[in-house]
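Working notes, structure below.
Side chains included, hydrogens not; waters and symmetry mates left out as well; all remaining heavy atoms used.
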Amino acid sequence: MAPFFLWGVLFLTIPVLVLLIDSAVESAAKGITATSRPAVRRALYASAVGWWFGFGYFLAGLFWIGEAFLVEAERFAWLMPFAVTLMPAGLALFYAAATAAAAYLWRPGLERVVALALALSAAEWLRGHILTGFPWNVLGYALTWPLPLMQSAGLIGIYGLTLAVILITAPPILALAKVASNPDRRRASLAIGILALLPLPVAWGYGTIRLAEPQPPPVDGVRLRLVQPSVPQRDKWRPERQRDIFFDHVDLSQQRPDGSFDGLSGITHVIWPEAAMPFLPLETPGALEVIANMLPEGTILLAGALRADGTAVEETGRRQAFNSLIALNSDGKPVGIYDKVHLVPFGEYLPLQPMLERIGLQKLVGWRGGFSAGQSPRPLFDVPGLPPVGVLICYEAIFPGAVVQSTARPQALINVTNDGWFGLTTGPHQHFHQARVRAVEEGLPLIRVANNGITGVIDANGRVLARLDLDERGVIDSQLPGAKNLTLYARYGDAVFWVLWLCGLICLRICCAKRIAVSR
């Protein structure tokens with residue numbers, strides 16, 4: 001995964017997983033008696049293998065979550081060991097279920113690889129949907145680097161690539177192991193191992209052709225300025241720091257990338273990151289006046305900010321608050337509002353809040369009562385001077401197939417995020433890369449603006465046209481890249497994956513039936 005992309009290790013780790021399940025199935029068979037249930041026993045043994053494999057994978061991939069608990073260490077540090085271990089332990093249950101399901105269909109030979117591919121890809125899909133979902137570091141991301149390989153995401157999506165990655169990486173080493181144990185099967189085994197690699201050059205060729213296609217022209221009359229202020233997360237929610245943070249955004253917005261002052265000359269739209277204004281700007285006339293003075297006539301500010309509605313919720317006596325992207329014109333008046341739909345559990349709201357608060361648990365974001373979810377399905381964001389835009393706040397960008405929910409198609413995606421929670425770790429790099437893959441899946445350009453993460457302009461093929469790196473303060477001036485035609489995945493979504501999955505299941509059942517018939 002990002003930022004290392006050493007996915008060649010899967011040619012070792014996935015075959016080892018298969019061999020470990022082989023061993024588990026064999027161990028389970030030794031204890032079978034006339035009254036035992038062999039399928040259940042195999043599943044239990046295999047699930048233990050899958051759980052440990054998943055726990056190690058998620059622990060290595062998600063350790064950076066612990067950084068969030070050190071931002072206010074005096075309040076949250078005691079939770080860090082639990083978060084860093086319990087979350088991987090919970091996610092590993094999906095892998096345990098996958099290996100248990102695969103064990104039901106476990107047979108010697110290639111069929112067991114197909115069974116594992118079907119089970120793991122289905123488990124990854126479920127991980128992205130159950131209990132609001134968390135599809136971070138889905139295995140299919142392994143096949144989204146380098147850029148030519150990423151183009152396949154526009155065909156079969158990240159879950160289709162997960163199915164493919166098992167079928168590609170498992171057979172070569174297993175074929176060599178088969179040759180070593182059975183020299184009589186040398187040619188057949190080696191042929192299977194080589195054939196398994198063929199999708200890689202095919203995908204590379206497709207990606208190369210896709211990248212060589214003429215690119216759509218940038219959108220006329222749009223000139224963007226992306227602002228990455230790199231505000232320390234510890235200061236973000238302190239009331240005494242909010243005025244300084246606000247004026248820091250204002251000052252930085254009026255500078256060119258080289259640091260010289262230009263007063264936003266020639267800029268049509270300024271974009272600030274998530275929670276750039278960690279207060280209620282629509283109820284702060286002084287802030288709106290400053291914004292109006294900052295913006296030239298016709299220039300629009302798109303700013304991450306907090307918003308509250310006008311009525312209190314009867315049960316709590318509190319007003320509903322939203323994590324929003326608010327568009328303000330040069331008069332300081334709102335001309336567009338998007339409220340975040342997919343909230344972060346324990347970060348932006350506390351599940352079972354009354355009960356958990358009684359035992360001392362709190363959410364990480366410093367807004368009393370947490371946030372409410374916005375309108376669902378996600379509406380398009382109509383802003384003067386921009387084509388229809390799909391807005392994604394923070395980790396809304398990691399959900400494949402869900403970034404576009406309206407019946408009309410946007411012409412661009414805007415992803416505002418913070419990422420300052422996670423320090424100088426792998427987390428912000430992974431977040432940025434997953435956002436790039438959404439652009440390729442949908443065939444849409446993506447503008448990403450972070451407080452302290454990775455800010456960038458990404459075209460519809462996932463190319464990074466401009467970038468500010470992690471912990472870098474500055475601005476990017478850019479045109480808005482054009483959208484491409486609907487990709488196969490944008491048109492049909494995860495239905496493409498499920499068609500491939502069902503084809504794989506049919507092939508597996510046919511092969512198993514033939515093997516049983518031959519053995520008889």
Side-chain angles (χ1 to χ4, degrees), residues 1-17 20 49-70 79-99 116 119-145 149-150 153 157-159 161-166 169-170 344-347 364 394-400 417-438 453-454 470:
M1 299 301 165
F4 308 111
F5 299 111
L6 301 176
W7 58 267
V9 72
L10 291 176
F11 284 100
L12 175 64
T13 55
I14 298 300
V16 166
L17 176 60
L20 288 171
V49 170
W51 187 88
W52 280 108
F53 184 91
F55 179 70
Y57 175 68
F58 292 117
L59 185 66
L62 294 170
F63 74 92
W64 47 265
I65 287 175
E67 287 283 328
F69 296 86
L70 299 179
L79 286 169
M80 178 182 172
F82 299 100
V84 170
T85 55
L86 291 181
M87 188 170 188
L91 294 175
L93 293 175
F94 287 97
Y95 281 29
T99 51
L116 182 62
L120 264 179
S121 59
E124 289 284 59
W125 187 91
L126 291 171
R127 178 162 72 89
H129 292 80
I130 290 178
L131 298 177
T132 79
F134 188 64
W136 195 281
N137 282 357
V138 173
L139 279 170
Y141 283 111
L143 295 182
T144 59
W145 187 90
L149 290 183
M150 189 187 293
I158 203 64
Y159 298 117
L161 289 174
T162 301
L163 181 65
V165 77
I166 307 299
T169 59
V344 181
F346 300 98
L364 291 173
C394 191
Y395 94 144
E396 287 184 314
I398 73 169
F399 292 89
T417 188
N418 184 355
D419 284 1
W421 289 102
F422 307 115
L424 303 178
T425 65
T426 57
H429 295 276
Q430 294 168 4
H431 199 184
F432 180 74
H433 183 74
Q434 291 174 67
R436 288 179 66 188
V437 176
R438 298 292 85 77
I454 301 174
L470 184 60

Worksheet item: Would you call the rings of F134 and Y395 parallel, tilted or perpendicular, where under 30° means parallel and over 60° means perpendicular?
Response: tilted
Fill in: Parallel, tilted or perpendicular: ring planes of W125 versus H129, cut at 30 and 60 degrees
parallel
Using only atom types and a distance under 3.5 Å, with no angle test, would you say the side chain of [X] pairs donor to acceptor with the backbone of [Y]?
X: E67; Y: T425; answer: no
X: T144; Y: M150; answer: no
X: Q434; Y: Q430; answer: yes
X: Y57; Y: N137; answer: yes
X: R127; Y: Y95; answer: no
X: W51; Y: A89; answer: yes

Do the non-hydrogen side-chain atoms of [X] and [Y] ever get within less than 4.5 Å of each other?
X: F4; Y: H429; result: no
X: L91; Y: L62; result: yes
X: M1; Y: T426; result: no
X: L20; Y: W52; result: no
X: I14; Y: F53; result: yes

Worksheet item: About how many Å separate CG of L17 and OG1 of T169, when rounded to the nearest 0.5 Å?
Response: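 Interatomic distance, T169 OG1 to L17 CG, rounded to 0.5 Å: 9.5 Å.
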Fill in: CD1-CE distance between I65 and M87, expressed to the nearest 0.5 angstrom
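Answer for the CD1-CE pair, I65 versus M87, is 4.0 Å.
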Nearest heavy-atom neighbours spanning [X] and [Y]:
X: P15; Y: A170; result: CG-O, 3.7 Å
X: G453; Y: P428; result: CA-CB, 4.5 Å
X: S121; Y: Y159; result: CB-O, 4.2 Å
X: A142; Y: L10; result: CB-CD1, 3.5 Å
X: G140; Y: I158; result: C-CD1, 3.6 Å
X: L143; Y: L161; result: CD1-O, 4.0 Å

Item to complete: Let me see the working for W145 and V437 under side-chain contact (heavy atoms from CB on, under 4.5 Å), right down to the final yes or no.
Response: CA-CA 10 Å; W145 187 90; V437 176; over 6 Å; no
Worksheet item: Which residue, F399, W64, F422, F58, forms the ring pair (Phe, Tyr, Trp, His ring centres under 6.0 Å) with W136?
Response: W64
Discussion item. Run the ring-ring contact (aromatic ring centres under 6.0 Å, His included) test on H433 and F5 for me, step by step, so that the C-alpha distance in whole Å, both residues' side-chain angles and the decisive distance to 0.1 Å come before the verdict.
Written reply: CA-CA 11 Å; H433 183 74; F5 299 111; 4.9 Å; yes
Fill in: Steps toward side-chain contact (heavy atoms from CB on, under 4.5 Å) verdict (L139, I166)
CA-CA 9 Å; L139 279 170; I166 307 299; 4.2 Å; yes
